[in-house]
Amino acid sequence: MQDLLQKIEAYKNEISSFSATDDKQVEDFRIKWLGTKGLVKGIMGEMKNVPNEQKREAGQILNEFKQFAEAKFDELKDATSNTVQQTSDIDLTLPGDETPLGSRHPISLMRNQIISIFQRLGFAVAEGPEIEDDWHNFTALNMPEHHPARDMQDTFYVDAGENAAVDWLLRTHTSNTQIREMKKGKLPIRVICPGRVYRNETISARSHCFFHQVEGLYIDENVSFADLKQTLYFFVKEMYGQDVRVRFRPSYFPFTEPSAEMDVSCFICGGKGCNICKKTGWVEILGCGMIHPNVLQNSGINPEKYTGFAFGMGVERPAMLKYGINDIRLFSENDVRFLKQFTSAG
Ligand code: 2NL
């Protein structure tokens with residue numbers, strides 16, 4: 001019994017003088033004293049050596065000791081959880097730093113909106129090279145060697161050296177990507193091709209030497225002009241509202257026959273006549289047509305079996321109308337005061 005009391009006294013001294021600065025030390029304390037193989041359990045086991053007449057007294061002393069160790073453990077726990085806040089430089093009560101969020105470019109917003117409408121109709125998205133050979137940009141599209149659009153004045157040619165086997169250029173439309181899709185030979189094809197294109201034009205508030213297009217292509221057996229019209233009706237109603245009116249005007253493109261241009265009733269004045277629609281009540285938004293049989297043939301598709309429609313639209317002009325931008329050069333100057341105004345999902 002005397003031994004036991006001495007041991008407890010020594011243990012109490014050890015416990016009293018113990019201090020901890022972190023959670024790990026507190027946990028070590030718990031394991032050493034209060035764990036299943038800890039010293040408190042161990043000393044409890046010595047009860048069996050105490051003579052019967054002293055068991056009651058010893059039991060009380062041991063219980064007290066156990067409570068003493070437990071109280072110390074609680075105290076250590078509280079102390080270390082406080083020290084985290086007291087000794088750290090971090091004030092956890094302060095609000096966090098704002099995460100700077102960029103904004104989407106207005107051209108991207110417009111392009112994504114166009115893409116997502118056609119995706120809902122089952123069109124896939126394809127992208128292709130901006131530096132292209134003249135076959136994919138012109139010849140395949142039924143624009144033979146002396147076609148006026150091939151003129152140096154309209155097209156940027158790339159100097160690929162005197163030994164270059166073909167002429168290289170900056171694509172003048174995204175049709176090159178559609179030709180590449182057609183040549184893959186997997187039919188039917190339903191694809192839209194967004195991207196940047198280049199024309200050799202003087203830069204002004206209204207035109208630039210590079211801009212963006214979205215072209216679309218649908219090829220299968222029995223595709224008709226009625227399919228073209230319904231697809232584009234759906235598109236403009238999603239894009240400009242269910243009340244918008246549409247008209248087709250006959251037109252000419254070398255790569256489609258027949259060809260048309262599509263106007264929508266002016267979404268600024270509703271058709272009454274304003275500066276945007278030049279008092280006509282109509283705004284031209286895209287060109288389209290049935291793919292010329294020569295174009296199908298050139299890309300390895302049998303025009304006797306397959307027909308298709310195609311369309312193309314610019315991205316800059318609708319974006320300028322939608323966001324009230326009066327100078328096309330703003331799109332490529334990357335002035336943050338301009339860019340940060342476009343905060344929107346998409
Ligand atoms: C416009 C008119 C158009 C096409 C683009 C096309 C592509 C292939 C075959 C046939 Cl591979 N056509 N594209 C057709 C008609 C019009 O664009 O005003 N774009 C801004």
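Both counts, for ligands and for their atoms, begin at 1 and track the order of listing.
Remark: R249 engages E284 in a salt bridge, criterion side-chain N to carboxylate O under 4.0 Å. Taking a cutoff of 4.0 Å between a charged side-chain nitrogen and a carboxylate oxygen, D22 and K24 do not qualify as a salt bridge.
Under 4.0 Å from ligand 1, the heavy atoms of C288 that appear belong solely to its backbone. Contacts of F255 with ligand 1, taken as heavy-atom pairs under 4.0 Å, involve both backbone and side chain.
Listed by number with element, the atoms of ligand 1 under 4.0 Å from a non-hydrogen atom of T256 are 10 (C), 12 (N), 14 (C), 15 (C). Of all the atoms in ligand 1, the ones that sit under 4.0 Å from a non-hydrogen atom of Q213 are 19 (N), 20 (C).
When hydrogens are left out, the protein atom nearest atom 8 (C) of ligand 1 is L141 CD2, 3.7 Å; that is the closest non-hydrogen contact. Residue, atom and distance of the protein heavy atom nearest to atom 11 (Cl) of ligand 1 are Q178 CB, 3.5 Å.
Side-chain atoms of T139 and N298 form no donor-acceptor pair, as typed in the model, at a separation below 3.5 Å. E132 and N176 share a donor-acceptor pair across their side chains, judged by distance under 3.5 Å alone.
The residue among C193, A260, G287 with a heavy atom at the shortest distance from atom 16 (C) of ligand 1 is G287. Taking all heavy atoms of S299, A310, G312 into account, the minimum distance to atom 3 (C) of ligand 1 is reached by G312.
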*asked:* Using the rule given for side chain to side chain contact (heavy atoms under 4.5 Å, CB included), can you reason through R245 versus D263, listing the C-alpha separation, both sets of side-chain angles and the distance that settles it, and then say yes or no?
replied: CA-CA 8 Å; R245 282 168 293 121; D263 300 339; over 6 Å; no

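The main-chain N or O of E316 is never found under 3.5 Å from a side-chain atom of H212 such that the two would form a donor-acceptor pair.
Between E215 and ligand 1, a contact under 3.5 Å exists for at least one N or O pair.
Geometrically, K12 engages F68 in a cation-pi contact defined by less than 6.0 Å to the ring centre and at most 45° from the axis.
No heavy atom of L286 sits closer than 4.0 Å to any atom of ligand 1.
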